Amino acid sequence: MTPGIRTYHEVDELRSDLPDQIAAQEECVRARLASVGRVIGVMSGKGGVGKSLISALLATALARRGDRVGLIDADLNGPSAARLLGVEPGSLVEGPDGLEPPVSPAGVRLMSMALLLEPDRALDWREPVDAGFVWRGAQERGALREFLSDVAWGRLDVLLVDLPPGTQRLAQLHGLVSDLAGAVAITIPSAASRDSVARSLDLARARGLRLLGVVENMSGVHCDACGALSPLHAGGAGEDLARRFETPLLARIPFDRRLGAAADTGRLDAWWAEAGPAAVALAEIAEVLRAIPAGENT
């Protein structure tokens, strides 16, 4: 473990000046993000839709276009971005301005719980037996806050935040970053995915967040011989969600057999070199994100 970096296995005792501490910490978040052009959440509401992979691919696509890009893996219990981006555990170090985020081969700066935990070790919160749920929620919010404020992100054009399934982390992120540039929702075509993702979109809309659009992943598989697209799932969740929430359907991304091997080996940048239909769709989404106006501080 790198000296001076919290392991998040221990919880400090609550202190009477907790409100002042929280206010000071949130001011640290604002100060750190003053040099970040846009903070964008990538959410789904449901696991298994490929959200983390799409987050890593979008970050890589933006970096390949010359943008300064950071990615926060906000799935504290099941972090995967480090492997997807080819970032080795143990590569996080302290610098004079905070934790120095490791950089992927494609140029993406990363912060993930996988960089803090020992290999194969589960995240284990030490918590009171009778108040575990409330205590754990506070600690998770604290970890996300530190990912934002204690990392020396430097000047970034885009900071993507890969949010875990469910709605809790989206609410936590918006509480810490009130001027989020927006959120992108990832779904697969099935009705079950549509229903889960709709809850996340409903929360985002209720909180006044800008819905940047819906991405339908695994929309089908292309025939190598004829190029026809055959569905992998029944349904049309992408179009349904876009229509219901009056937001663009950014892309329908087909399944790519080569992408699994590239993700497992952390060579997403090499996968881009053989631009297929999935890469073309992702590149179009990246251009939409690039067109979002940057904040006045960058």
Side-chain angles (χ1 to χ4, degrees), residues 33 36-44 49-74 80-82 84-87 101 103-112 153-163 173 177 180-188 197 201 204 209-219 222 238 241-242 247-256 258-260 262-263 266-295 298:
L33 298 183
V36 175
R38 318 162 187 81
V39 181
I40 297 172
V42 183
M43 63 183 188
S44 66
V49 301
K51 173 189 53 57
S52 292
L53 179 55
I54 289 178
S55 296
L57 285 165
L58 288 175
T60 300
L62 291 165
R64 284 171 58 88
R65 283 161 170 72
D67 288 352
R68 298 163 297 188
V69 185
L71 174 63
I72 290 178
D73 184 351
S80 59
L84 294 172
L85 290 174
V87 174
V103 181
S104 79
V108 178
R109 304 174 200 178
L110 173 70
M111 184 60 196
S112 170
W153 292 109
R155 298 188 69 83
L156 294 178
D157 297 301
V158 181
L159 177 60
L160 298 176
V161 184
D162 175 21
L163 299 164
L173 177 64
V177 186
L180 277 174
V184 176
I186 314 300
T187 187
I188 58 175
V197 176
L201 284 166
L209 290 177
R210 180 182 179 188
L211 302 180
L212 301 176
V214 175
V215 176
E216 186 181 89
N217 193 28
M218 299 184 233
S219 59
H222 280 281
L241 290 167
T247 189
L249 177 60
L250 297 176
R252 301 178 71 237
I253 302 176
F255 178 78
D256 188 327
R258 300 168 301 135
L259 190 50
R267 294 301 312 277
L268 298 183
D269 53 329
W271 175 82
W272 281 99
E274 302 178 25
V280 171
L282 284 156
E284 292 174 353
I285 303 170
E287 288 303 315
V288 171
L289 301 186
R290 296 186 81 198
I292 298 171
T298 55

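In what follows, every heavy atom counts, from backbone to side chain, and hydrogens, waters and symmetry copies are set aside. This structure is a prediction, so every number in the text was calculated from the model and none was measured.
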Report the residues that fulfil side-chain hydrogen bond (donor to acceptor under 3.5 Å, both in side chains) with W271, sequence neighbours left out, ordered by chain and then residue number. D256

Atom of L84, atom of A56 and distance for their closest heavy-atom approach: CB-CB, 4.0 Å

Taking all non-hydrogen atoms of both residues, which atom of P254 and which atom of P277 are closest, and how far apart? CG-CB, 3.9 Å

Can you tell me how far CD1 of I40 sits from CG of L289, rounded to the nearest 0.5 angstrom? 4.5 Å

Sequence neighbours excluded, the answer for side chain to side chain contact (heavy atoms under 4.5 Å, CB included) partners of D157 is R38, D67, R68

Tell me the closest heavy-atom pair linking L250 and V288, and the distance in Å. CD2-CG1, 4.1 Å

Is there a donor-acceptor pair under 3.5 Å between the side chain of T187 and the backbone N or O of E216? no

State which residues pass side chain to side chain contact (heavy atoms under 4.5 Å, CB included) with A242; sequence neighbours excluded, sorted by chain then number. L249

Can you confirm whether L268 sits close enough to L53 that some side-chain heavy atom of one is under 4.5 Å from a side-chain heavy atom of the other? yes

Quick one: CG on N217 to CD1 on I54, what's the gap to the nearest 0.5 Å? 3.5 Å

For residues I186 and V49, report the shortest heavy-atom separation together with the two atoms involved. O-CG2, 3.8 Å

Here the pair of heavy atoms bringing R210 nearest to A181 is CD-O, 3.6 Å

How would you list, by chain and number, every residue that makes a side chain to side chain contact (heavy atoms under 4.5 Å, CB included) with S112, sequence neighbours excluded? D73, P79, L110, A114, L115

Could you grab the distance from atom CD1 of I72 to atom CG of L159, nearest 0.5 Å is fine? 4.5 Å

Which heavy atom in L58 sits nearest to a heavy atom in L282, and how many Å separate them? CD2-O, 3.7 Å

d(S44 OG, K51 NZ) to nearest 0.5 Å is 5.0 Å

Take M43 and L201, measure what side chain to side chain contact (heavy atoms under 4.5 Å, CB included) needs, and give me the verdict at the end. CA-CA 9 Å; M43 63 183 188; L201 284 166; 3.7 Å; yes

Roughly how far, to the nearest 0.5 Å, is the CG atom of L180 from the CG atom of L173? 4.5 Å

S52 meets the side-chain hydrogen bond (donor to acceptor under 3.5 Å, both in side chains) criterion, sequence neighbours left out, with D162

Test of understanding: with salt bridge (Lys or Arg N to Asp or Glu O under 4.0 Å), list the residues that count as partners of R64, not counting sequence neighbours. none

Interatomic distance, I285 atom CD1 to L62 atom CG [nearest 0.5 angstrom]: 10.5 Å

Which residues pass the salt bridge (Lys or Arg N to Asp or Glu O under 4.0 Å) test with R65, sequence neighbours left out? E287

Donor-acceptor contact present, side-chain D269 to main-chain A106, <3.5 Å: no

